[in-house]
Novice: 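What follows is a single structure, and I will ask about it in a moment.
Residue numbers start from 1 in every chain, and the chains themselves are labelled A, B, ... in the order their sequence lines are given, proteins ahead of strands. Note that the coordinates shown come from a computational prediction; the quantities given were computed from them, not determined experimentally.
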There are 2 protein chains.
Amino acid sequence: MKLDERKRFILKAIIDDYIFSAEPIGSRTIARKYNMGISPATIRNEMADLEEMGYLEQPYTSSGRVPSDKGYRFYVDFLMKNEKLTEKEISEISGVFKKKITEIEDVIEQATKVLSDMTNYTSLVLGPQLNKSSLKHLQILPIDEGKALVIVVTNTGLVEHCFIKVPIEFTGSDLTRISNLINSKVQGLSINKITPSLLSKLKKEIINMDDVIDLVMNITIQSLNKLDGNKIYLGGATNLLSHPEFKDIDKAKKFLLFLEEKQILYNILTEASFSNEDLVVTIGSENKYELVQDCSLITTTYKVAGKTIGIIGVLGPTRMDYSKVISVVDYIKLIMNKIFSELFNDDK
Amino acid sequence: MKLDERKRFILKAIIDDYIFSAEPIGSRTIARKYNMGISPATIRNEMADLEEMGYLEQPYTSSGRVPSDKGYRFYVDFLMKNEKLTEKEISEISGVFKKKITEIEDVIEQATKVLSDMTNYTSLVLGPQLNKSSLKHLQILPIDEGKALVIVVTNTGLVEHCFIKVPIEFTGSDLTRISNLINSKVQGLSINKITPSLLSKLKKEIINMDDVIDLVMNITIQSLNKLDGNKIYLGGATNLLSHPEFKDIDKAKKFLLFLEEKQILYNILTEASFSNEDLVVTIGSENKYELVQDCSLITTTYKVAGKTIGIIGVLGPTRMDYSKVISVVDYIKLIMNKIFSELFNDDK
DNA sequence: ATTAGCACTCTATCCAGGAGAGTGCTAATC
DNA sequence: GATTAGCACTCTCCTGGATAGAGTGCTAAT
């Protein structure tokens with residue numbers, strides 16, 4: 001049985017209302033609010049149909065109706081109208097990113113904050129995954145006797161450092177020489193091109209320095225991995241406490257602890273982005289992890305030159321303002337694409 | 001009127017019990033639990049006295065008694081017995097710090113985590129304040145045409161970096177020369193020694209490079225400031241939700257938002273540490289900020305070579321296990337002192 | 001097909017009553 | 001004079017019943 005025009009209208013009305021009020025919606029409410037020219041009784045019949053078809057649920061006998069996950073899915077896919085951001089919202093978002101930005105991390109942090117502020121839900125951002133990034137420059141600086149600092153710079157402008165121990169007899173120019181050698185061999189290579197065989201070739205060229213080479217290369221690889229963007233940024237965790245879904249303190253606590261499990265968040269984000277869709281909405285029980293099965297997640301990927309380099313998402317209760325969140329997520333994605341494209345091209 | 005032995009015993013018994021149970025304590029409870037050889041009626045009289053003197057309070061007429069802030073103060077200063085950490089706790093704490101530690105930030109993060117885990121309250125750590133730290137090494141690396149990376153290393157082993165724009169005609173050796181010049185003048189100087197007059201002297205020596213010098217020095221100063229440890233680390237914020245004091249979701253939310261105000265936390269921590277005491281306990285209304293006036297804060301400072309370089313603290317409800325927290329804070333402070341002394345001496 | 005009418009269901013709220021914990025006071029006791 | 005038993009009293013918390021309110025489902029009329 002397909003949903004006719006009237007059923008769709010009623011379903012949409014109920015979900016719109018429920019998203020706003022968080023209370024079960026009754027037939028009279030709908031009849032009063034939308035002047036449809038039909039009586040509550042008719043609406044009741046339609047609602048009974050919609051329930052039988054699985055789009056609505058009743059918290060208890062003869063209470064009002066509440067959308068089911070299937071209902072939300074239909075709403076998101078077919079009913080919801082595309083809400084445009086207001087001028088004010090657009091300027092608010094743009095304003096945040098107007099400040100001059102030098103560090104990639106700043107962009108991410110701003111995005112995280114503005115995502116949660118604008119939606120009043122919790123935002124998740126997966127930092128740029130730069131396994132497509134490559135080594136731009138490597139430098140070993142002498143610091144103390146027997147101690148040196150390795151600096152790794154990627155073509156994407158990320159910098160990582162680490163102290164290492166070196167044989168005490170090494171001078172600064174020794175280290176510079178090693179840096180130059182490594183640079184000449186490895187510069188421009190992406191991380192997955194730096195293989196053991198390459199390393200052993202390198203070692204042959206720098207005789208008697210095996211230990212240092214090993215150490216430096218390990219650190220380089222580690223650094224590149226570290227910069228690989230596996231870091232999850234989290235914003236507005238406390239926002240969730242304003243929603244009635246989390247009025248139970250125990251549930252709220254469980255959820256906040258859940259948000260500290262970065263590995264799980266990482267999985268959730270990346271799994272969602274496997275889809276071909278540009279923007280993915282995962283509703284309630286569609287989620288794998290039990291604790292978020294009464295939540296919905298809206299994610300999208302940000303890109304540079306057509307390549308996905310990271311993910312942003314918003315997590316909130318299933319009763320989420322999908323339209324609003326989709327608009328915000330989409331707009332912020334666009335801004336991030338722009339900023340990163342500029343940053344990376346600048347860097348070439 | 002001074003507190004005689006028996007009043008002290010009763011006050012201590014009530015506070016001990018209340019810290020454990022979070023319920024108002026009645027005379028019968030005390031009589032039954034501690035076989036004092038006196039009847040509940042006698043204890044009742046003593047409790048009435050203690051209330052009149054301001055050490056106890058009654059939530060409502062003829063309910064049991066609850067400690068007042070004054071009561072807690074007396075308890076902390078005179079009554080509380082010094083709880084020793086168990087073997088298990090000691091090995092648990094030490095275990096966390098056993099992993100090899102290379103970065104100062106790791107130490108701080110570990111300390112934050114273990115502080116909150118061991119106490120089940122919220123931990124605050126103010127990172128090493130290194131305005132006593134000095135410039136160890138400065139290096140400008142060419143990255144792209146017209147673009148360079150400034151690396152600043154302090155004697156305390158912290159590293160900061162920043163990209164700058166340089167005149168396009170500068171070569172790598174130009175930059176190295178500038179680095180060397182700056183190094184020779186500024187190396188070893190603490191940040192407050194880097195004055196405008198010193199800078200203008202520097203500029204005279206490197207003619208025609210005013211702009212770059214300015215830029216680099218600004219970044220150096222900024223970096224040193226940034227490394228200055230004003231960063232607040234926060235641990236176990238959700239721990240507070242387990243305590244009945246925060247069972248009201250609204251209060252919990254307010255509190256969690258409060259914990260995001262790093263500037264205020266910074267003030268709270270530093271103000272507490274102005275005291276001459278090694279370990280400072282600030283109880284309830286002794287706190288300046290209204291939102292924490294039903295909380296207590298226990299802070300201490302960690303040092304290197306007798307110099308205070310940072311602060312650690314635990315924030316929890318006034319009904320806090322003072323004895324336990326003091327032991328934990330104290331022990332972790334000792335470990336941090338040791339680790340930092342080693343780290344910094346290593347660095348000389 | 002729609003709707004008015006009505007009986008019915010379930011929740012939430014209010015209120016009264018009783019149990020329970022605890023106090024304060026008084027008078028008796030040590 | 002300190003201590004205590006006894007007792008009336010206070011206040012909270014829990015329970016259960018009564019009621020109002022929102023909303024449904026069904027039936028019969030339109």
Novice: With respect to the side chain of A:Met47, which nucleotide from C:dC25, D:dT24, D:dT4 is positioned closest?
Specialist: D:dT24
Novice: With a 4.0 Å cut-off, would you call A:Asp49 and A:Arg44 a salt bridge?
Specialist: no
Novice: B:Asn45 CG to C:dT29 C1': how many Å, rounded?
Specialist: 15 Å
Novice: Which residue is it: B:Arg65, B:Arg28, B:Lys33, B:Arg319? I am looking for the one with a salt bridge (charged side-chain N to carboxylate O under 4.0 Å, His left out) to B:Asp17.
Specialist: B:Lys33
Novice: For C:dC30, which nucleotide is its Watson-Crick or G-U wobble mate, given both distances must be under 3.5 Å?
Specialist: D:dG1
Novice: Tell me whether the OP1 or OP2 atom of C:dG22 has a side-chain N or O from B:Arg65 closer than 4.0 Å.
Specialist: no
Novice: My understanding is that a pair needs two contacts under 3.5 Å, Watson-Crick or G-U wobble. By that rule, which nucleotide pairs with D:dC26?
Specialist: C:dG5
Novice: Rounded to the nearest angstrom, tell me the gap between atom CZ in A:Arg44 and atom P in D:dA22.
Specialist: 14 Å
Novice: Does A:Thr29 make a side-chain N or O approach to OP1 or OP2 of D:dG23 shorter than 4.0 Å?
Specialist: yes
Novice: Got a donor-acceptor pair under 3.5 Å from the side chain of A:Ser62 to the base of C:dT9?
Specialist: yes
Novice: Does B:Thr61 have a side-chain nitrogen or oxygen under 4.0 Å from the phosphate oxygens OP1 or OP2 of D:dC11?
Specialist: yes
Novice: Out of D:dT4, C:dT3, D:dC11, which nucleotide sits closest to the side chain of B:Thr42?
Specialist: D:dT4
Novice: Looking at C:dT23, C:dT9, C:dG24, which one has an atom nearest to any side-chain atom of B:Glu51?
Specialist: C:dG24
Novice: For B:Arg6 and A:Gly26, find the nucleotide of DNA chain D closest to each by heavy atoms; which residue's nucleotide sits nearer the 5' end?
Specialist: B:Arg6
Novice: Taking the inter-plane angle between the rings of A:Tyr322 and A:Tyr72 on a 0 to 90° scale, is it parallel (under 30°), tilted (30 to 60°) or perpendicular (over 60°)?
Specialist: tilted
Novice: Please report the distance, rounded to the nearest Å, between CD1 in A:Ile43 and P in D:dT24.
Specialist: 10 Å
Novice: Calculate the interatomic distance between B:Glu23 atom CD and C:dT23 atom P; express it in whole Å.
Specialist: 14 Å
Novice: Nearest to the side chain of A:Ser39 - C:dT3, D:dG25, C:dT23?
Specialist: C:dT3
Novice: Whole angstrom is fine here: how far is it from CZ in B:Arg32 over to P in C:dG20?
Specialist: 14 Å
Novice: So, are B:Glu89 and B:Lys324 salt-bridged, with charged N and O less than 4.0 Å apart?
Specialist: yes
Novice: Can you tell which of C:dC10, D:dT3, D:dC11 lies closest to the side chain of A:Tyr60?
Specialist: C:dC10
Novice: Roughly how many Å is it from CD in A:Gln58 to P in C:dT11, rounded to a whole number?
Specialist: 11 Å
Novice: Measure CD1/B:Ile38 against C1'/D:dG1 and give the value in whole Å, please.
Specialist: 16 Å
Novice: Looking at A:Lys253 and A:Asp250, does any basic side-chain N land under 4.0 Å from a carboxylate oxygen?
Specialist: no
Novice: Provide, to the nearest angstrom, the distance between the CD1 atom belonging to B:Ile10 and the P atom belonging to C:dG22.
Specialist: 15 Å
